[in-house]
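Comments concern the structure below.
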2 protein chains.
Amino acid sequence: MAQTNGRTNRRDIYLKLRQLVLTLELAPGAALSENELAASLGVSRTPVRESLILLAQEGLVQVFPKIGSFVSRVDPAQVADAQFLREAVELASLDDLPAALDPAVVGELRANLDRQRRSDLGLEEFFDLDEAFHQGLMRLSGHGNVWTTVAAAKGHLDRARRLGLHENESPAVFVAQHREIFDAITGGNVPLARTAMRTHLRAVFDDIERIRAHSPELFATDASSVPVRRNIVVWE
Amino acid sequence: MAQTNGRTNRRDIYLKLRQLVLTLELAPGAALSENELAASLGVSRTPVRESLILLAQEGLVQVFPKIGSFVSRVDPAQVADAQFLREAVELASLDDLPAALDPAVVGELRANLDRQRRSDLGLEEFFDLDEAFHQGLMRLSGHGNVWTTVAAAKGHLDRARRLGLHENESPAVFVAQHREIFDAITGGNVPLARTAMRTHLRAVFDDIERIRAHSPELFATDASSVPVRRNIVVWE
DNA sequence: CGCGGAGTACTTGTATACAAGCATCCGTAT
DNA sequence: ATACGGATGCTTGTATACAAGTACTCCGCG
């Protein structure tokens with residue numbers, strides 16, 4: 001928790017850039033110029049640069065000294081790592097569920113699921129609800145804060161998921177799986193919840209190779225390859 | 001993964017400060033001044049400041065705008081979170097062990113264990129070996145890179161471990177547990193490995209309350225409490 | 001036409017100057 | 001003696017100037 005209490009430009013810019021990267025509005029491989037970003041955002045290089053450093057630590061951007069900064073391409077290895085991490089954590093979390101579930105969180109999850117079933121659900125709305133749903137499950141077992149770490153590590157996975165859903169059918173199948181997991185948990189059937197959770201988490205992951213064949217330019221090939229310096233910074 | 005290829009002052013300073021915090025040479029609660037650190041290290045504020053921002057994101061330091069920066073006190077909640085995370089990941093890793101273990105890694109682990117059994121083992125050496133041992137286990141199942149994420153998240157846990165061992169007996173019991181885990185793995189007995197691993201990981205954790213009673217000033221009480229501004233920056 | 005090299009325009013890394021805010025200490029008034 | 005207030009010295013946040021290095025462009029030469 002990089003808590004800088006008072007509102008600072010850096011925090012705002014960090015969150016904004018992070019959002020742009022995760023939503024693919026800043027495409028993998030795109031060149032980022034500290035100067036241009038600073039000019040676009042109406043601030044100096046300092047907060048922009050510090051934000052990029054944080055994003056680099058998360059693996060969302062790559063900074064090559066004296067060369068340039070780039071939105072990192074989706075790295076299949078990092079996607080697999082994030083998949084393993086979240087699966088391990090979320091499954092272990094199910095084993096720590098208390099006998100009496102917190103009714104407030106349960107109600108919140110139920111409301112979340114209701115919104116997921118709305119027919120006019122947009123993609124970004126679904127991702128927000130999905131994120132909140134999984135974090136809520138972690139809170140049920142008292143490990144809500146661990147989700148922060150998982151969330152920080154799964155940037156590559158999230159981008160791959162977005163790629164999959166952008167060119168895929170509706171997220172209806174995932175919504176149904178969410179329901180299944182939730183019902184198993186509230187029904188006290190932990191083994192069933194584990195099975196449903198594992199199935200759910202792997203559903204997205206198994207799609208990645210297909211996506212990669214479809215849009216190879218968004219994926220990393222060699223980890224140390226330097227992207228071309230082109231300014232594709234077009235947004236808003 | 002924050003790869004800035006060419007050597008930069010920032011990377012060096014970041015690693016140095018991180019080491020000082022994790023080894024408790026910079027005590028929890030100590031005040032850090034960007035200016036003083038810069039002067040001590042012979043550089044300007046910029047690389048120091050950027051390092052502190054990274055450490056803040058890891059939760060190892062806290063930055064209060066216009067007030068000061070402090071080495072974060074050990075937060076029992078974050079220790080518990082890290083414990084849960086590493087246990088989930090390391091146990092799940094055991095389930096992914098291949099039938100044929102990589103002989104190179106196995107040999108490396110064996111050599112590591114031999115060094116752990118040396119009678120003149122220093123504490124810092126033990127911690128280094130311990131870190132390498134657990135990372136090696138993850139590599140056996142092909143999840144070596146995930147250890148990076150776990151390592152980044154377990155800063156508070158590591159500091160608690162050091163506190164425990166500083167005032168505790170020798171790490172001999174942990175070395176024996178390492179051996180037990182290793183033997184179970186090479187013997188192909190995954191269930192036994194899981195049991196041994198869980199026992200091992202919880203051995204340290206269960207000691208924390210005792211340590212806390214002994215040195216309460218190093219632990220956080222209220223998450224939002226601002227430490228006193230005193231310059232105890234004494235090292236080397 | 002092909003190729004090489006100097007110039008140039010960009011990049012990030014670092015240092016420094018200034019801005020804004022908090023805390024403490026000290027002097028003054030009550 | 002005590003309460004209040006302003007000066008002062010610290011802090012981090014931001015902006016900017018400069019340094020070092022890469023890559024591309026373009027012109028001249030073979």
Side-chain angles (χ1 to χ4, degrees), chain A residues 1-17 26 29-57 60-72 224-233, chain B residues 1-17 26 29-57 60-72 224-233:
Chain A
M1 322 309 139
Q3 86 230 45
T4 47
N5 281 359
R7 286 202 192 86
T8 62
N9 281 341
R10 182 179 80 233
R11 187 116 195 109
D12 292 344
I13 290 170
Y14 165 73
L15 292 174
K16 186 182 187 87
L17 288 178
L26 283 174
L32 302 175
S33 162
E34 293 178 359
N35 278 318
E36 288 191 19
L37 287 175
S40 297
L41 296 166
V43 296
S44 78
R45 267 184 65 201
T46 306
V48 172
R49 171 181 174 75
E50 292 173 349
S51 297
L52 287 183
I53 290 173
L54 287 173
L55 293 172
Q57 174 145 303
L60 292 180
V61 310
Q62 291 174 293
V63 179
F64 299 90
K66 314 300 176 69
I67 296 182
S69 304
F70 306 86
V71 179
S72 65
S224 62
S225 69
V226 181
V228 214
R229 183 197 300 172
R230 268 194 313 168
N231 294 326
I232 332 177
V233 190
Chain B
M1 275 290 161
Q3 85 231 47
T4 48
N5 281 359
R7 287 201 190 86
T8 62
N9 280 342
R10 181 179 81 235
R11 187 117 195 108
D12 293 344
I13 290 170
Y14 164 74
L15 292 174
K16 185 181 188 88
L17 288 178
L26 283 175
L32 302 175
S33 161
E34 294 178 359
N35 278 319
E36 287 191 20
L37 287 175
S40 298
L41 297 166
V43 296
S44 77
R45 268 183 66 200
T46 307
V48 172
R49 171 180 173 75
E50 291 172 350
S51 297
L52 288 182
I53 289 174
L54 287 173
L55 292 172
Q57 173 145 308
L60 293 179
V61 309
Q62 292 175 291
V63 178
F64 300 90
K66 314 299 176 70
I67 296 181
S69 304
F70 307 86
V71 179
S72 65
S224 61
S225 69
V226 182
V228 211
R229 184 196 301 172
R230 267 194 315 168
N231 293 326
I232 333 174
V233 190

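Throughout, protein chains are lettered first and strands after them, A, B, ... in sequence-line order, and every chain is numbered starting at 1. Quick note: numbers below take in every heavy atom, side chains included, and nothing from hydrogens, waters or symmetry partners.
When the P atom of C:dT11 is taken as reference, atom CD of A:Glu34 falls 9 Å away, rounded to whole Å. The CG atom of A:Asn35 sits 10 Å away from the P atom of C:dC10 (whole-angstrom rounding). One atom, CG of B:Leu32, and another, C1' of D:dC10, lie 15 Å apart when rounded to the nearest Å. A straight line from CG of B:Leu37 to P of D:dC10 spans 16 Å, rounded to a whole angstrom. Here C:dG13 presents its C1' atom at 13 Å from CD1 of A:Ile67, a figure rounded to the nearest Å. To the nearest angstrom, P of D:dT11 lies 14 Å from NZ of B:Lys66. Distance CG (B:Leu54) to C1' (C:dG13): 14 Å, rounded to an integer number of Å.
Between A:Val71 and A:Leu32, the closest side-chain pair of non-hydrogen atoms falls below 4.5 Å. Proximity of B:Val61 to B:Leu26: side-chain heavy atoms (C-beta onward) are nowhere separated by under 4.5 Å.
Separation of atoms CZ (A:Arg10) and CD1 (A:Ile53) is listed at 9.5 Å; rounding is to 0.5 Å. Between A:Arg45 atom CZ and A:Glu34 atom CD the span is 4.5 Å, to the nearest 0.5 Å. Note that the CD atom of A:Glu50 and the CZ atom of A:Arg11 stand 13.0 Å from one another [nearest 0.5 Å]. Between the CG atom in A:Leu55 and the CD1 atom in A:Ile13 there is a gap of 11.0 Å [rounded to 0.5 Å].
Within the 4.0 Å cut-off from OP1 or OP2 of D:dT12, at least one side-chain nitrogen or oxygen of B:Ser69 is found.
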Taking N or O atoms only and anything under 3.5 Å, show me the protein contacts with nucleotides 14-18 of chain D, one pair per line.
residue	atom	partner	partner atom	Å
D:dT14	OP1	A:Asn9	N	2.6
D:dA15	OP2	A:Ser44	N	2.6
D:dA15	OP2	A:Ser44	OG	2.6
D:dA15	O5'	A:Ser44	OG	3.3
D:dA15	N7	A:Thr46	OG1	2.6

